[in-house]
Amino acid sequence: MCATTDDPTAGRLPPVALVTGGNRGTGRAITAELDQAGMEVWQLNRKPSGGPRQVACDLSNPTELNAAVAQVLERTGRLDALVTNAVDRYFAPVAELDPQRWATALTVNLTSVVTLVQQTLPMLRRSRGTIVLMGSHAGTRFFEGGLAYCAPKAALKALSEVLLLEERPHGVRTSLVNPGAIANEDGDTSSLKITTRSVARVVRELITNPPDLAVAEIELRPAALAPPAVSGLDRLQSV
């Protein structure tokens, strides 16, 4: 006699997620959170930590990126979520920008994101999946020395909005997450920053939201605020 079950999920494969930069900081927390949610999480990491389902990939190298994505999709056969988290933090005044480092930052922080979306869209359409673009307050709150970081983060807003217009008819949702200060380094316990786990929990909710809901953009701020160095009308002198 064959065993029967009333569980409608019995025999189903777990949802598959692909996360870039998943071996440290926020990416590591996102990977752990999605794993706890029952997803099969794959990572593209420049320096893999030796854990399972990690593929070595330098996002500044288009050939390497194309091969890594193809490898993951071939092995999984499906994809339900894409989280573009990896980032190149290069800071220098405009007058001192190194052309090669500028090009690398743009490639990692923006061009590779577009490439990842292009390569994964066929499977995301099939699964009616979710794209989460990790932005930053730096995309709207600019600072000295931050062009190579701020400019690509600002461009993610345009990418997110265009994807929402183009891909919702295909069932694919896109969310842009703009966090403020995150305690991204090991040992950072600042009460004035958001923990990586808190950011990861937001990402998990965006991916597991009901299918009739698309969260276009969400801003995350630390709950605690330090006394401002400049306040009131005097802020106008600091713009």
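Just so it is clear, the values below take in all heavy atoms, side chains as well, and ignore hydrogens, waters and symmetry mates.
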For K47, is there any backbone N or O sitting under 3.5 Å from a side-chain donor or acceptor partner on N23? yes
Should the heavy atoms of other residues, nucleotides or ligands under 6.0 Å from CZ of R75 be counted, would the total exceed 12? no
Any non-hydrogen side-chain atom of L79 less than 4.5 Å from a side-chain atom of L18? yes
Which residue in the set T115, V117, L121 passes side-chain contact (heavy atoms from CB on, under 4.5 Å) when paired with Q119? T115
Minimum side-chain heavy-atom gap E40-T76 below 4.5 Å: yes
Over all atoms of both residues, closest heavy-atom pair of N184 and R24: O-NH2, 4.2 Å
Less than 3.5 Å apart, which donor and acceptor atoms pair up between the side chains of residues 197-208 and the rest of the protein, not counting sequence neighbours?
unit_1, atom_1, unit_2, atom_2, d
S198, OG, T195, OG1, 2.9
R204, NH1, E33, OE2, 3.1
T208, OG1, R204, O, 2.8

Would you check if V172 and L163 make a side-chain contact, meaning some heavy-atom pair closer than 4.5 Å? no
Can you classify the ring geometry of Y149 versus F91 as parallel (below 30°), tilted (30 to 60°) or perpendicular (above 60°)? perpendicular
Closest heavy-atom pair, L44 versus C57, reported as atoms and distance to 0.1 Å, is CB-CB, 4.2 Å
For atom CZ of R53, decide whether the heavy atoms of other residues, nucleotides or ligands shown that lie under 6.0 angstrom number more than 12. yes
Which pair of heavy atoms, one from S127 and one from R78, lies closest together, and at what distance? CB-NH2, 4.4 Å
